[in-house]
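Down below is the structure, laid out as structure tokens.
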Amino acid sequence: MRKIISLMLCMALALCCIVPAVAENAAMQPGTYEAEAQGFGGKVQVAVTVSESEITDIAITGELETPALGGVAIETMGDAIVKAQTPHVDGVSGATVTSAAIIAAASEALEAAGANLEAMDANRKDTAEDVVREEKTLDTDIVIIGAGGAGMAAAIMAQQAGQQFVILEKMPYVGGNTTKATGGMNAAETHYQKEQGIEDSVALFAADTMKGGHDINDPALVETLASKSAEAIDWLDTIGAELPKISFSGGASTNRIHAPADGSAVGNFLVDKFSAKLKELGVDIMLNTKATQLIMQDGKVAGVKAEGADANYTINCKAVILATGGFGANLDMIASFRPDLQGTVTTNAPGATGDGIVMAQEVGAALVDIEQIQLHPTVEQTTSMLITESVRGDGAILVNQGGKRFTNELLTRDAVSAAELEQEGCYAYIIFDQHLRDNLKAIEKYVTNGLTKQADTIEGLAEQLNIDPATLAQTLADWNEAVKNKNDTAFGRTTGMENDLSTAPYYAIQVAPGIHHTMGGVKINTAAEVISTEGEVIPGLFAAGEVTGGVHGGNRLGGNAVADIVIFGRIAAQSAIDYCAK
Ligand code: ADP
């Protein structure tokens, strides 16, 4: 982490004006000093107040930073700098650019005040010897570990039931991988489907999910997912998280994926709604608090050990809900289960490190389908930024370094990823035109982040990509003909063919597969109880969401991650509540 931050720091430093070096050991000139540096969305401003010998206060602003990530750095790093008495503090994972900008601007302001940054680093005040870690003991009924979608859904249920619980989140912000969900939530026989005249059934939803998962899913979990989906949609209505916009998603036999009314990304929408509800209900999420171990007594779960920013916790409880998400950001763990994926980039949130899987295994939990890891075929490799499926859905094609198409671009994620990995260099270029850019808001983010190559002609684009211009021009001409005739003789594509690619300028982004979702995990039954390697329920241990395995089998359908989180998050909460009442 420090390494990334220092790299970003160099970049950010280059963007703020250079101030003259100051003499060593010079006392600071008391006052408030301002500086700014380039953040992720815009400039980040820092005002540092110093006495002769101390940093006494920092005010940080940066209106254009993403609230959920950069906003957290803005909120928390000032305190960290004052505490450490040096600007060189750890940044916020997931908000590296904003963090680096804050460090750069604070450094500049301090240098202007006459500070000696090297001396500050040498005398930093937040080293292990200076921080007195308290040992705290808490008593409660349920500990929910993880404040992503599953954990927050469980917390809302628990609070509404009047149950005593605490919820731990190791990051300084909530949301986890749930914030990355862009599509929607699959659900069958919902009131929204009925109102919109869409015919669907629980049996069809279950059958589609089994088929999509190559039939290795746990049929009982799939049946539960499908049969409880409509009531989960009703429950979301009751907490103001309505998902009325229904459309079609890959692998479904009918329109089943439910999204927010304005079509915005479902993950951030639900995380915002869940957080707001928890706030309204008066629930405090213990942020920056990492669960490290489950405590067992007489074969039952009896508590959790956790590390907070300033304290170590022993939390005695009757039940634990693991909602720690997957392990898509733990590249060592990925490589241990799937050596073939060594070195693959990940689209995952930094907290997805598989902690829940490790903790559950330590108390004897069985794992299921752990090697089933979903790749997303269009990930820009230098930034790990996911190029949304909508780009292909709206008409983009994939070409290899030879300038030729090599697959139906809208096959399932695993099939398109496999096809890419067979190409020279294991990558592809996603090609689109100005018309597509004009009609898909997501593209702007790729352009502003410098991911796109652009040219006024296809030949010009080919030259930039080191592709033979005539070959790429022929590929585009063939594709546009296929769109006109609605007949892709080359690869049998039938969707995303409403518009051809003929409006200059033309664009390309180099993409390759990236780790997207870990489908396997801790074994649970339909009551979200964790099952041991002996096939027995582990008393008091429940799990929900991406930490579990069995729901998705060998391939997760788009829309089923959110269904999993909400449905099994609720089930885990109810089961834990019932268990505590015994
Ligand atoms: P799901 O989709 O299953 O809810 P998410 O990835 O959205 O999973 O959320 C999981 C959350 O759990 C993340 O916010 C992550 O930071 C958090 N988390 C992971 N491990 C721990 C841990 N050891 N202690 C506390 N929180 C954790």
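Because the structure is predicted, anything quoted here is derived from the model rather than measured. Every number for a ligand or one of its atoms is a count from 1 in the order of the listing.
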Which residue, Val530, Val143, Val363, forms the side-chain contact (heavy atoms from CB on, under 4.5 Å) with Leu294? Val363

Enumerate the atoms of ligand 1 whose separation from the nearest heavy atom of [X] is less than 4.0 angstrom.
X	answer
Lys290	23 (N), 24 (N)
Gly149	4 (O), 7 (O)
Asn177	5 (P), 6 (O), 7 (O)
Asp355	20 (N), 21 (C), 22 (C), 23 (N)
Ile565	2 (O)
Glu546	3 (O)
Met171	16 (O)
Thr178	1 (P), 2 (O), 4 (O), 5 (P), 7 (O)

Does a donor on one side chain and an acceptor on the other come within less than 3.5 Å for Asn177 and His516? no

Do Asp369 and His552 have side-chain atoms, one donor and one acceptor, less than 3.5 Å apart? no

When you measure from the side chain of [X] to the backbone N and O of [Y], does any donor-acceptor pair fall under 3.5 Å?
X	Y	result
Gln574	Arg570	no
Thr292	Lys305	yes
Ser575	Ala572	no

Can you name the closest pair of heavy atoms from Ala319 and Phe542 and give their distance? CB-CE1, 3.9 Å

For [atom], the protein heavy atom that lies nearest, with its residue and separation:
atom	value
atom 4 (O) of ligand 1	Ala150 N, 2.9 Å
atom 8 (O) of ligand 1	Gly325 CA, 3.3 Å
atom 19 (C) of ligand 1	Thr324 O, 3.3 Å
atom 13 (C) of ligand 1	Glu169 OE1, 3.4 Å
atom 9 (O) of ligand 1	Gly148 CA, 3.2 Å
atom 12 (O) of ligand 1	Gly146 CA, 3.2 Å
atom 24 (N) of ligand 1	Ala291 N, 3.0 Å

Nitrogen or oxygen atoms of Lys170 and ligand 1 under 3.5 Å apart: yes

Tell me whether Gly175 has any N or O atom under 3.5 angstrom from an N or O of ligand 1. yes

[X] near ligand 1, heavy-atom distance under 4.0 Å?
X	result
Ala306	no
Ala323	yes
Thr289	yes

Ring-plane angle category for His258 and Tyr192, please: parallel below 30°, perpendicular beyond 60°, tilted otherwise. tilted

Check: Ser417 and His376 side chains under 4.5 Å, non-hydrogen atoms: no

First locate atom CG of Asn186, then atom CZ of Arg556, and finally report the distance between them rounded to the nearest 0.5 Å. 9.5 Å

Rounded to the nearest 0.5 Å, how far apart are CG of Leu221 and NZ of Lys523? 8.0 Å

Is Asp355 paired with Lys170 through a side-chain N to carboxylate O contact shorter than 4.0 Å? yes

